[in-house]
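Side chains included, hydrogens not; waters and symmetry mates left out as well; all remaining heavy atoms used. Only a predicted model underlies this, so the values are computations on that prediction, with no experimental measurement involved. Residue indices begin at 1 and follow the sequence shown.
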Amino acid sequence: MNSRSRRTSHHTPEKRPAGTTRRTFLGRVLGVGTAALGVTVAPAVGAVSLPGTRPEAAWAAGRGESDSVTREAFDHLDQSFNDGHGWKDETNDKDSSGLSGKLAWGEAYLLQGYALMYQTYGDTYYLDKMVDHIDHVLANRDSERGVRDYRDASQPAWRANHHYTVGTAVVPDTQGRPVLQVRTALAYADEAVATVSPGSRDGTFRLEVRHHFYGRTTRYDNLVLDPASDDYAVNRVLRGFRTESPDRVQVTLKDLRQRGSAQNNVAMGDYQMISPPYVFGVHTGQIALPLVMFARIVRSDPNLRAKSLYRKRADTYLTAAEEAVAVHDPEWRETERGEGYYVALPGAPVWWAGIDLPINQFLALGRATLQLAAVTGDARYVDRTRAMARTFHGDLTITEGGAYVWPYWWSKGRVYSGWDIDDPASEYRPWLPGNQSAEDVSHGQIDMNFALEMFRDIPVFAGTGKPVFTGADMERFAATFTQNVAVVTDDGSLTVNRFIDGRGPTGLEAYERQAGAWADLTPWDGSILTHLRDMFNSHEYAVFPSTAYDVARINHAAQSPA
């Protein structure tokens, strides 16, 4: 194994006690394959009408109530969350409930779940659900709502702001003219406040930035606005970025005055930070994917094409997906070696502005692009999909046990190596130690499913060169799950590690739930499905759209031929 140092500076969800862990997964499941599960396919039925429960209710499977490998399990989850309406009426920004990403990380997963359930059971009830939900999601595009992003553009996509984008506040002088922009690169930036007060020396000011969400405060005293002074605020804060005190709020300043302007007296007061809206490529990819999945399902079946509703919606959704993905065309990059990826444009309100996206973020767009290639045959989509596949494949390392591991950030990118204040790659984070952390299980399923879907769609790329992903790659991804992800604790309970290299805490519910999205690797190792099914059947998980998606994945894997 090519060992790499890994930094795990992620926010950790609440941990359920899991006891002492050991990676004895293969011994636990005894190599049981799909055929040994005794799965009974539920008969196709019409629309279910289950009593709605509160969204925060827990789903208890395997206790005489439900089995994760059934239609009933998925339908119960679907109906238990907002009476089957999911988050179709939400926006992707904070306007609807205070936090961004509800469409990308919630509704989009539910829509994928409906598509998977149709593919598994062949009941158009799930396509009808998709029509209902997608129509609402398209009505909440920025262009339909008339809302704008940080560039004052209203695009056919879905913006986000708090809690993802950086925070900014403008501090004026005593005449009300903009002088300084105060920024924090931390998330949840709407909960940060910059306070300007008199400094401890005459003619200076004090800056204090309090981030209430994280409970942190950064202070600088005796600052001035004179660029020639050693106490010039912009330079003092830049030099102090590495050693902010008392806590790290990741503060930077930008001088908003025109060069050569007279000295100003900064206005004292409190300045609330705001998070500018931005259209994230990963969000677009997540939301566009099920739109193209619907179009592909309908266009590949003459009986579905014969139905006017499905045929017209397939056309509408395909056009909407193409328009949304095209929003990110200016962010596309390709190397001389044919490696493709997306970046955040300079000036974007994210700390990695001007820098390559994390692997899972550009592969979310990659999954949508792959489906567009399959439906349209457009060479642009084919070429971009292969380029992103080359980027990802080049970062896969084989362990001694034959499993794949890979980093969260592209190893040839800027974040992986890091930078210092003498040559910063980011204006919001002018100092960054190299982040060589392994991918986590939750985001890793996006990467793995991109590779799996490309392998399954090899005919789409026929004539474009040697396949990037082969069956041997799928065996190594399966080994990633069995050797590094799946865990059996000393008391016999089933869980997963947080990271795909087998490191990190175990027993974290969010990662257990998203591990279900690895289920389609079952043809290469049937014990994967056994572990996931038994884990879901023995634990209580909160009901979210993503929970239903994971159960749909397990159903799809169980009912699909090996």
Discussion item. If you define the side chain from C-beta out and look only at heavy atoms, does anything of Y342 sit under 4.5 Å from L365?
Written reply: yes
Discussion item. Within this structure, what is the CG-NZ distance for the pair D356 and K412, rounded to the nearest 0.5 Å?
Written reply: 12.0 Å
Worksheet entry | Exercise: do H328 and T284 side chains pair donor with acceptor under 3.5 Å | yes
Practice prompt. State which residue, out of F450, W524, W406, fulfils the ring pair (Phe, Tyr, Trp, His ring centres under 6.0 Å) condition with F477.
Written response: W406
Worksheet item: Does the side chain of M388 reach to within under 4.5 Å of the side chain of V468, using non-hydrogen atoms?
Response: no
Worksheet, complete the sentence: Closest non-hydrogen contact found for S143 with S154 is CA-OG, 3.4 Å
Response to the item:
Interatomic distance, CH2@W518 vs CZ@F481, rounded to 0.5 Å, equals 8.0 Å
Practice prompt. Test R183 against E427 for salt bridge (Lys or Arg N to Asp or Glu O under 4.0 Å), laying out the working first.
Written response: CA-CA 10 Å; R183 295 97 63 95; E427 64 176 301; 3.2 Å; yes
Worksheet item: Taking C-beta and beyond as the side chain, do R367 and L370 meet within less than 4.5 Å on heavy atoms?
Response: no
Worksheet entry | Test side chain to side chain contact (heavy atoms under 4.5 Å, CB included) applied to Q436 and W409, step by step | CA-CA 7 Å; Q436 299 167 8; W409 293 90; over 6 Å; no
Worksheet entry | Flag, side chain of Q371 to backbone of R296, donor-acceptor distance under 3.5 Å | no
Worksheet item: Are any side-chain N or O atoms of R159 and backbone N or O atoms of R148, one a donor and one an acceptor, separated by less than 3.5 Å?
Response: yes
Discussion item. Do V147 and T91 make a side-chain contact, defined as non-hydrogen atoms from C-beta onward lying under 4.5 Å apart?
Written reply: no
Discussion item. The test is side chain to side chain contact (heavy atoms under 4.5 Å, CB included); show your working for R216 and L186 and say whether it passes.
Written reply: CA-CA 11 Å; R216 301 181 186 179; L186 286 181; 3.9 Å; yes
Worksheet entry | Donor-acceptor contact present, side-chain D395 to main-chain S411, <3.5 Å | yes
Practice prompt. Nearest 0.5 Å please: distance from the CD atom of Q181 over to the CE atom of M273.
Written response: 9.0 Å
Discussion item. Let's go through L318 and T376 carefully: what are the C-alpha distance in whole Å and the side-chain angles of both, what is the deciding distance for side chain to side chain contact (heavy atoms under 4.5 Å, CB included) to 0.1 Å, and is it a yes or a no?
Written reply: CA-CA 9 Å; L318 182 62; T376 68; 4.2 Å; yes
Worksheet item: Can you name the nearest heavy-atom pair linking Y408 to P358, along with the distance?
Response: CE2-CB, 3.4 Å
Worksheet entry | N/O donor-acceptor pair under 3.5 Å between T391 side chain and G340 backbone | yes
Worksheet item: What's the verdict on side-chain hydrogen bond (donor to acceptor under 3.5 Å, both in side chains) for D247 and Y214, showing C-alpha distance, side-chain angles and the deciding distance?
Response: CA-CA 10 Å; D247 303 303; Y214 291 106; over 6 Å; no
Practice prompt. Test H133 against every option in W87, F294, Y114 by the ring pair (Phe, Tyr, Trp, His ring centres under 6.0 Å) rule and name the one that passes.
Written response: Y114
Worksheet entry | W332 ring center near F362 ring center (under 6.0 Å) | no
Worksheet item: Which pair of non-hydrogen atoms, one from I554 and one from G516, has the smallest distance, and what is that distance?
Response: CG1-O, 4.1 Å
Worksheet item: Distance-only, no hydrogens or angles: does the N449 side chain make a donor-acceptor pair with backbone N or O of A517 under 3.5 Å?
Response: yes
Practice prompt. Give a yes/no verdict on a cation-pi contact between R248 and F241, requiring under 6.0 Å between NZ or CZ and the six-membered ring centre and an angle within 45° of the axis.
Written response: yes
Discussion item. For the CD atom of E208 and the CZ atom of R219, what is their distance to the nearest 0.5 Å?
Written reply: 4.5 Å
Worksheet item: Shortest non-hydrogen contact from N360 to D447?
Response: CA-OD1, 3.0 Å
Fill in: From OH (Y381) to OG1 (T369), nearest 0.5 Å
7.5 Å
Fill in: Main-chain N/O of L289 paired with Q112 side-chain donor or acceptor, under 3.5 Å
no
Worksheet item: Roughly how far, to the nearest 0.5 Å, is the CD1 atom of I500 from the CE atom of M448?
Response: 11.5 Å
Worksheet entry | T252 side chain near P430 side chain, heavy-atom distance below 4.5 Å | yes
Item to complete: With salt bridge (Lys or Arg N to Asp or Glu O under 4.0 Å) as the test, would you mind laying out the steps for R380 and D329 before giving the verdict?
Response: CA-CA 11 Å; R380 295 173 302 162; D329 283 351; 5.2 Å; no
Practice prompt. Answer yes or no: is there a donor N or O on one side and an acceptor on the other, between the side chain of Q155 and the main chain of V327, under 3.5 Å?
Written response: no
Worksheet item: With side chains defined as the heavy atoms from C-beta onward, is the minimum distance between W158 and L138 less than 4.5 Å?
Response: yes
Practice prompt. Could you give me the CA-CA distance, side-chain angles and deciding distance for D550 and R513, then say whether salt bridge (Lys or Arg N to Asp or Glu O under 4.0 Å) is met?
Written response: CA-CA 7 Å; D550 294 314; R513 284 190 284 108; 5.0 Å; no
Worksheet item: Judged by modelled atom types alone, do H393 and D473 share a side-chain donor-acceptor pair under 3.5 Å?
Response: yes
Worksheet item: Which pair of heavy atoms, one from I421 and one from R239, lies closest together, and at what distance?
Response: CD1-CA, 4.2 Å
Practice prompt. Return yes if some donor-acceptor pair links the side-chain N/O of Q286 with the main-chain N/O of W105 below 3.5 Å, else return no.
Written response: no
Worksheet item: Pick from Y150, Y278, W351, Y428: which one makes a side-chain contact (heavy atoms from CB on, under 4.5 Å) with T165?
Response: Y278
Discussion item. If we ignore hydrogens and angles and just use 3.5 Å, is the side chain of S275 paired with the main-chain N or O of N161 as donor and acceptor?
Written reply: no
Fill in: NZ or CZ of R503 within 45° of F499 ring axis and under 6.0 Å
no
Item to complete: Please test T506 against Y511 for side chain to side chain contact (heavy atoms under 4.5 Å, CB included), starting from the C-alpha separation and ending with a verdict.
Response: CA-CA 9 Å; T506 61; Y511 295 91; over 6 Å; no
Worksheet item: Do NZ/NE/NH1/NH2 and the carboxylate oxygens of D315 and R299 come within less than 4.0 Å?
Response: yes
Worksheet item: Does the side chain of P467 reach to within under 4.5 Å of the side chain of I458, using non-hydrogen atoms?
Response: yes
Worksheet item: Is the backbone of N484 close enough, under 3.5 Å, to the side chain of N497 for a donor and an acceptor to pair up by distance?
Response: yes
Discussion item. Could you tell me if the side chain of L256 sits less than 4.5 Å from the side chain of V179, heavy atoms only?
Written reply: no
Worksheet entry | Worked verdict on H283 versus Y164 for ring-ring contact (aromatic ring centres under 6.0 Å, His included) | CA-CA 11 Å; H283 291 180; Y164 291 114; 5.2 Å; yes
Worksheet item: What are the two closest non-hydrogen atoms of E107 and K88, and how far apart are they?
Response: OE1-N, 3.2 Å
